[in-house]
Amino acid sequence: MNQSSKPFKLTIFKTPQKPPSTTTTTFSRQPPLDLTTITNLILKAENQDSLTQTLHSISEWTPHLVQTILKRIWNHGPKALLFFDALDMNHHSYRHSAAAFDHAIDIAARLQDYKATWTLVSKMRSRKLGPTPKTFAIITERYVSAGKADKAVKIFLSMHEHGCQQDLHSFNTLLDILCKSKRAEMAYKLFKIFRGRFRADVISYNIIANGFCLKKQTPRAMEVMRELVDRGLEPTLTTYNILLKGFFRSGQIKEGWEFFMEMKKRKIEIDVVSYTTLVHGFGIAGEVEKSRKVFDEMIGAGVLPSVATYNALIQILCKKDCVENALLVFDEMLKKGYVPNATTYNVVIRGLCHAEKLDTAIEYMDKMRQDCEPVIQTFNVVIRYCCDGGEIEKALEVFEKMNGGENCLPNLDTYNILIGAMFVRKNADDLLTAGKLLVEMVDRGFLPRKFTFNRVLNGLMLTGNQGFAKEILRVQSKCGRLPRNFRL
DNA sequence: GTAGGGTTAG
């Protein structure tokens with residue numbers, strides 16, 4: 001194609017062919033913008049103007065590019081929304097997709113900015129992009145995790161007013177959201193009210209049973225299952241696997257094993273999920289040998305382990321045996337042609353950190369990039385163990401990388417871990433760093449606990465930094481995290 | 001984003 005315009009093009013996305021610029025030579029041109037560069041430009045933009053300028057430096061915005069960027073700056077909510085709005089207003093050739101709206105709605109709702117959330121919903125509707133059942137799943141999930149489950153149910157029941165009909169799908173989704181946030185009882189009540197109207201199916205029952213299992217209420221889950229059978233519905237393999245996991249989760253190892261034998265007796269086709277549940281369940285209970293035995297036996301039974309099965313075994317070897325044996329299994333899985341995923345690496349890295357092999361852990365973090373990208377959990381584990389081992393500089397180094405080249409921004413946990421570590425050495429510099437981290441996290445839409453604010457504040461005062469303490473107080477009052485009756 | 005197995009400490 002047109003080679004001369006290549007330096008201007010994004011390598012990953014299509015751009016229209018532009019005539020080469022007459023004012024610059026090929027040699028002095030900027031290198032092509034890659035995703036990391038674009039993302040960093042957006043993150044660095046101080047105001048709407050510089051953001052707009054950045055947006056114009058990209059010749060063609062595509063829905064795919066926008067979604068990728070929103071995903072990457074997820075943990076910088078306010079900036080992500082600014083980017084979404086700026087693009088919406090300034091680019092005539094680009095129109096936000098339904099998926100981009102869903103992303104933005106998710107971010108706004110996570111920031112508990114419900115006004116912005118619903119403005120986006122109506123904008124979405126006026127452009128005939130939705131809201132879709134997925135949009136409502138996102139919104140209700142955010143309300144539930146903000147502790148507003150009642151409101152979430154009301155929103156579900158008013159879906160049709162937004163041009164989105166409720167059905168069995170969306171009903172099951174709501175039940176699942178409630179159950180996953182440990183509100184099985186509420187989900188069950190709702191289920192009993194509406195099961196006739198939505199024609200609840202075996203999936204609805206499975207969701208409720210799993211909800212009780214998550215609360216370690218296996219007997220309640222069994223009741224729900226009896227109800228399912230009484231209503232003439234047929235349990236599925238998923239049903240059995242939910243109950244199997246339920247027994248192990250609630251520490252009923254013997255009952256779990258008996259249930260598994262019963263599954264065999266009833267000629268239920270036991271699958272890789274059932275076996276993985278056993279491998280993990282026995283291991284967590286400290287029965288590592290049993291765990292290994294199940295692992296070996298499943299192959300004999302004609303069921304091949306999955307990456308998740310390997311992850312389970314590797315994890316329990318790290319926890320209950322030793323990391324060296326876990327690494328043997330890790331090598332074995334590679335030899336057999338499995339591709340480890342982020343969970344595999346996270347488990348191994350955590351195991352190495354726990355065994356105080358921090359440098360090897362960091363080596364594995366680099367090795368990880370051959371198969372997948374490190375995720376937030378990877379960084380948090382390494383940072384946590386660096387801090388615990390007193391290597392605070394190393395922790396800060398990893399943290400800095402996250403804000404630079406890495407495609408993974410710090411989250412609430414990252415900030416909490418690091419701020420906590422800034423009190424260990426009890427010096428003024430660390431306290432100042434803690435203060436800066438606190439300001440930065442608020443800037444990125446995370447809400448620190450009152451405890452964190454007060455701790456940093458006290459630390460700054462004790463180390464004689466009244467000036468920065470005042471700044472913290474300002475931020476604290478902006479967040480509504482000041483103690484009762486407190487006045488600036 | 002209608003359900004089940006691996007990452008979250010001890």
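Values below: all heavy atoms of this structure, side chains included; hydrogens, waters and symmetry mates excluded. Worth saying up front: this structure is predicted, and the values here are computed from it rather than measured. Every chain is numbered from 1, with letters handed out A, B, ... down the list of sequences.
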Can you give each donor-acceptor pair under 3.5 Å made by side-chain atoms of residues 230-238 of chain A, sequence neighbours left out, with the distance rounded to 0.1 Å?
unit_1, atom_1, unit_2, atom_2, d
A:T236, OG1, A:T238, N, 3.4
A:T236, OG1, A:T239, N, 3.4
A:T236, OG1, A:T239, OG1, 3.1

Out of [options], whichever nucleotide has its closest atom nearest the side chain of [X]:
| X | options | value |
| --- | --- | --- |
| A:N346 | B:dT2, B:dG1, B:dT7 | B:dT7 |
| A:T173 | B:dT2, B:dT8, B:dA3 | B:dT2 |
| A:T343 | B:dT7, B:dA3, B:dG5 | B:dT7 |

Just call it for A:I349: base, sugar-phosphate, or nothing, with non-hydrogen atoms closer than 4.0 Å on any strand.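 Touches nothing.
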
What's A:T309 touching, base or sugar-phosphate or nothing? Going by heavy atoms closer than 4.0 Å.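 Answer is base: heavy atoms of A:T309 come under 4.0 Å of a base.
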
Return the value, rounded to whole Å, for the distance between atom [atom1] of [X] and atom [atom2] of [N].
| X | N | atom1 | atom2 | result |
| --- | --- | --- | --- | --- |
| A:R384 | B:dT7 | CZ | C1' | 12 Å |
| A:L168 | B:dG1 | CG | C1' | 14 Å |
| A:K71 | B:dG1 | NZ | P | 11 Å |
| A:L412 | B:dT8 | CG | C1' | 14 Å |
| A:M368 | B:dG6 | CE | C1' | 13 Å |
| A:I316 | B:dT8 | CD1 | P | 13 Å |
| A:L237 | B:dG5 | CG | C1' | 11 Å |
| A:Q166 | B:dG1 | CD | P | 19 Å |

Is the base of B:dG5 syn or anti, if syn means a glycosidic angle within 90° of 0?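 You should classify B:dG5 as anti.
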
Of all pairs that satisfy salt bridge (Lys or Arg N to Asp or Glu O under 4.0 Å), the ones with a partner from residues 197-216 of chain A, not counting sequence neighbours: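 Not a single pair qualifies under salt bridge (Lys or Arg N to Asp or Glu O under 4.0 Å).
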
Quick one: which residue pairs count as a salt bridge (Lys or Arg N to Asp or Glu O under 4.0 Å) with a foot in residues 132-156 of chain A, not counting sequence neighbours?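 Applying salt bridge (Lys or Arg N to Asp or Glu O under 4.0 Å) to every pair that reaches into residues 132-156 of chain A, excluding sequence neighbours, yields A:D106-A:R142.
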
Counting only side-chain N and O atoms of [X], is one of them less than 4.0 Å from OP1 or OP2 of [N]?
| X | N | value |
| --- | --- | --- |
| A:H354 | B:dG10 | yes |
| A:R249 | B:dG5 | yes |
| A:K319 | B:dT7 | no |
| A:Q315 | B:dT7 | yes |
| A:R350 | B:dA9 | no |

Test ring pair (Phe, Tyr, Trp, His ring centres under 6.0 Å) applied to [X] - qualifying residues, sequence neighbours left out:
| X | value |
| --- | --- |
| A:F379 | none |
| A:F423 | none |
| A:F84 | A:H96, A:F101 |
| A:F171 | A:F198 |

Could you check whether A:E391 pairs with A:K394 (Lys NZ or Arg NE/NH1/NH2 to Asp/Glu carboxylate O, under 4.0 Å)?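 A salt bridge links A:E391 with A:K394.
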
Near DNA chain B, under 4.0 Å by heavy atom, which residues of [range]?
| range | answer |
| --- | --- |
| residues 131-157 of chain A | A:K134, A:E141 |
| residues 179-213 of chain A | A:K180, A:I203, A:N206, A:I207, A:N210 |
| residues 271-296 of chain A | A:D271, A:V272, A:V273, A:T276, A:T277, A:H280 |

Establish, from distance only, whether the side-chain atoms of A:T309 and A:S306 form a donor-acceptor pair under 3.5 Å.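 Per modelled atom types, A:T309 and A:S306 side chains form a pair under 3.5 Å.
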
Take the angle between the ring planes of A:W74 and A:H103 and call it parallel below 30°, perpendicular above 60°, tilted in between.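 Because their plane-to-plane angle is over 60°, the rings of A:W74 and A:H103 count as perpendicular.
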
Classify the ring geometry between A:F446 and A:Y415 as parallel (under 30°), tilted (30 to 60°) or perpendicular (over 60°).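 Correct class here is tilted.
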
Could I get the full list of side chain to side chain donor-acceptor pair (under 3.5 Å) partners for A:Y345, not counting sequence neighbours?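 Result, side chain to side chain donor-acceptor pair (under 3.5 Å) vs A:Y345: A:D371.
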
Side chain of A:S306, base of B:dG5: donor and acceptor closer than 3.5 Å?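 Checked by distance alone, the answer is yes.
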
Please tabulate, one pair per line, all N/O donor-acceptor pairs under 3.5 Å involving side-chain atoms of residues 178-187 of chain A, not counting sequence neighbours.
unit_1, atom_1, unit_2, atom_2, d
A:K180, NZ, A:D176, OD1, 3.2
A:K180, NZ, A:D176, OD2, 2.7
A:S181, OG, A:I177, O, 3.4
A:S181, OG, A:L178, O, 3.0
A:S181, OG, A:R183, NH1, 3.0
A:R183, NH1, A:S181, O, 3.3
A:E185, OE1, A:R220, NH1, 2.9
A:E185, OE2, A:R220, NH1, 3.3

